[in-house]
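Reading through the structure tokens given below for one structure.
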Amino acid sequence: MSALDLPFDADRMLDGLRPWIECESPTWDAAAVSRMMDLAARDLAAIGATVETIPGTKGFGTSIRASFPHPDQGKPGILVSGHMDTVHPIGTLETLPFRREGGLAYGPGIMDMKGGNYVFLEAMRQIGKAGLTTPLPVTFLFTPDEEVGTPATRGLIEDAARGQRAVLVPEPASPDGGAVIGRYAIARFDLLTQGRPSHAGWALKDGRSAIAAMAKRILQIEAMTTEDCTFSVGVIHAGQWVNCVSSSCRAEVLSMAKTQDDLDRGVAAMLALQGEEDGVEFIVTRGVTRPVWEPQPGTMALYDLARQLSSRIGFDLAAGSAGGGSDGNFTGAMGVPTLDSIGVRGKGLHTLNEHIEIASLSERARLAAGLLTEIQ
């Protein structure tokens, strides 16, 4: 039997996925993410994997590494790399409950990226039930901090990927259903304005507002956006009392750059903004960065195989480089053949309309099973 003919049932897969979606796991809630990891570890162990729980660091949840029995265990193989953290805070289920409406299924994290992770688990389940074997050893690594740039587990991912024949990343499919074979760089920056406090009523002129200074800087930074390098301020924190002129304000910037040169120029432009103006100090600190990942021959060979498989399944798999970082940035930039965004189809990731196309569960499980059994 070909792996493409395995009996993948989208409805049954959705039933299995539901507990994952109803186990909310926002990045900043380490205990919640660890509960999600425990749930995934149970499901992986139930299909024969040996699962190792890796303690969290830097305040993040645990990771899990699952290895499937194989006669060549320990030799170069296939790494399935996914994250279990989401951007949705605890309580999102109240406004975005798991539900099915026609051919769509909704829920926090269902598209990004629990649906894709579950697809690969189901692929390994059906491969094992059918008595098939994978030519290479298969390892799953699920991590807890991708949505904030992978500050704690980048080294873990790179160590797991080093020397592997292939890395498969079940991030959601591109809008056209396509895969990703390269990604732009993503850089983060922490901003701080330090002003001078005063009473906002009777001594307003004595103060120097950190909030007002930050507001001007935000407009300046976002105006630096071009087609090749973008800047967006997505977080801002300041103030406790409305009758106090704020003495400090913090913000966070996300920058996307298409090439290394674009990234270097963007970083230099951000750092050059530092200094003092009208009694307010402006400090820029560079945060975590995802490197540029450019398509390489090994990745293109993976894509060629995936496209052949998708044609046999009944759809055409497009591919291209993309903005929006993933942990594929790390493995691809290392030169390890990496195929990204081969997870479920859907829309609305990171919103309260996040949903998947239910039929894509079985479609992508067939693709996953084909890759796992034909990569050599």
Side-chain angles (χ1 to χ4, degrees), residues 13 16-68 77-88 107-125 137-161 164 166-172 325-331 336 338-344 349 361 364-365 368 371-372:
M13 291 177 67
L17 176 59
R18 179 172 185 168
W20 287 24
I21 306 309
E22 293 185 334
C23 184
E24 295 179 288
S25 52
T27 311
W28 295 117
D29 190 327
V33 178
S34 296
R35 286 194 296 270
M36 179 61 239
M37 294 295 183
D38 290 343
L39 185 56
R42 181 202 68 183
D43 289 349
L44 285 161
I47 63 171
T50 299
V51 184
E52 175 189 3
T53 297
I54 302 165
T57 59
K58 299 184 179 181
F60 295 99
T62 56
S63 299
I64 57 173
R65 180 165 46 217
S67 301
F68 290 86
I78 299 171
L79 175 68
V80 176
S81 178
H83 66 88
M84 286 295 188
D85 60 314
T86 79
V87 300
H88 301 284
I110 195 168
M111 181 182 179
D112 187 14
M113 63 178 291
K114 294 181 181 180
N117 291 338
Y118 191 85
V119 155
F120 271 77
L121 184 149
E122 182 66 16
M124 287 301 294
R125 187 202 318 272
V138 175
T139 301
F140 282 34
L141 179 64
F142 291 151
T143 50
D145 58 340
E146 191 273 347
E147 294 294 2
V148 295
T150 320
T153 62
R154 175 176 178 173
L156 181 66
I157 293 165
E158 291 178 337
D159 286 345
Q164 299 283 15
V167 176
L168 304 177
V169 185
E171 288 277 4
S326 86
D327 291 332
N329 281 77
F330 303 137
T331 62
V336 181
T338 300
L339 190 61
D340 199 343
S341 288
I342 46 176
V344 291
L349 74 166
L361 289 170
R364 296 303 162 127
L371 289 166
L372 292 167

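In this chain, numbering begins with 1 at the start of the sequence shown. Being a predicted model, the structure only gives us computed values, none of them experimental.
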Q | Min side-chain heavy-atom separation Ile78-Pro137 under 4.5 Å | A | no

(Q) Can you confirm whether the side chains of Thr153 and Asp145 place a donor and an acceptor under 3.5 Å from each other? (A) yes

Q.
I want to check something: taking the side chain as every heavy atom from C-beta on, are Ile54 and Leu156 in contact at a cut-off of under 4.5 Å?
A. yes

Q | salt bridge (charged side-chain N to carboxylate O under 4.0 Å, His left out) against Asp159, all qualifying residues, sequence neighbours excluded | A | Arg162

Q: Return the set of residues passing salt bridge (charged side-chain N to carboxylate O under 4.0 Å, His left out) with Asp327 (not counting sequence neighbours), or none when no residue passes.
A: Arg290

Q) Would you find a donor on one side and an acceptor on the other, under 3.5 Å apart, between the side chain of Thr27 and the backbone of Glu147? A) no

Q.
Between Thr338 and Thr331, is there a side-chain donor-acceptor contact under 3.5 Å, judged purely by atom types and distance?
A. yes

**Q.** Backbone N/O of Thr50 and side chain of Ser67: donor-acceptor pair under 3.5 Å
**A.** no

**Q.** Shortest non-hydrogen separation from Ala123 to Ala365 and the atoms involved
**A.** CB-O, 3.9 Å

(Q) Before you tell me yes or no, could you show the steps for Thr150 and Glu146 under side-chain contact (heavy atoms from CB on, under 4.5 Å), namely the whole-Å CA-CA distance, both residues' side-chain angles and the distance that decides it to 0.1 Å? (A) CA-CA 4 Å; Thr150 320; Glu146 191 273 347; 4.0 Å; yes

Q: Determine the minimum heavy-atom distance between Ile64 and Met37, stating which atoms define it.
A: CD1-O, 3.7 Å

Q. Could you state the interatomic distance from CZ (Phe330) to CD (Glu158), rounded to the nearest 0.5 Å?
A. 6.5 Å

Q) Is there any ring pair (Phe, Tyr, Trp, His ring centres under 6.0 Å) pair reaching into residues 20-55, and which pairs are they, with sequence neighbours excluded? A) Trp20-Tyr118, Trp28-Phe60

Q: Carefully, step by step, assess His88 and Ser25 under the rule side-chain contact (heavy atoms from CB on, under 4.5 Å).
A: CA-CA 8 Å; His88 301 284; Ser25 52; over 6 Å; no

Q.
Could you tell me if the side chain of Leu168 sits less than 4.5 Å from the side chain of Leu372, heavy atoms only?
A. yes

Q) Is any side-chain heavy atom of Thr139 closer than 4.5 Å to a side-chain heavy atom of Phe68? A) no

Q.
According to side-chain hydrogen bond (donor to acceptor under 3.5 Å, both in side chains), who are the partners of Thr86, at least two apart in sequence or on a separate chain?
A. none

Q: Check for a donor-acceptor pair, side chain of Gln164 on one end and backbone N or O of Leu79 on the other, with a separation under 3.5 Å.
A: no

Q) Taking atom CG of Asn117 and atom CZ of Phe140, what is their separation to the nearest 0.5 Å? A) 8.5 Å

Q) Should Glu171 and His83 count as side-chain neighbours, where that means a heavy-atom distance under 4.5 Å? A) yes

Q. Hey, mind stepping through Thr62 and Val33 against side-chain contact (heavy atoms from CB on, under 4.5 Å) and telling me if it holds?
A. CA-CA 7 Å; Thr62 56; Val33 178; over 6 Å; no

Q: For residues Pro26 and Val87, determine if any side-chain heavy atom of one lies less than 4.5 Å from a side-chain heavy atom of the other.
A: no

Q: Report yes if the side chains of Lys114 and Ile21 come closer than 4.5 Å at any heavy-atom pair, otherwise no.
A: yes

Q: Quick one: closest heavy-atom pair of Leu141 and Ala160, and the distance?
A: CD2-CB, 3.9 Å

Q. Which atoms form the tightest heavy-atom contact between Gly82 and Met113, and what is the distance?
A. CA-CE, 3.7 Å

Q: Could you pull out all residues at least two apart from Arg42 that satisfy side chain to side chain contact (heavy atoms under 4.5 Å, CB included)?
A: Leu39

**Q.** Inter- and intrachain pairs under salt bridge (Lys or Arg N to Asp or Glu O under 4.0 Å), touching residues 45-58, at least two apart
**A.** Glu52-Arg65

Q) What pair of heavy atoms forms the shortest contact from Arg364 to Ser341, and how long is it? A) NH1-O, 4.3 Å

Q. Do Val80 and Pro170 have side-chain heavy atoms sitting under 4.5 Å apart?
A. yes

Q: Could you tell me which non-hydrogen atom of Val169 sits nearest to which non-hydrogen atom of Gly328, and how far apart they are?
A: CG2-CA, 4.2 Å

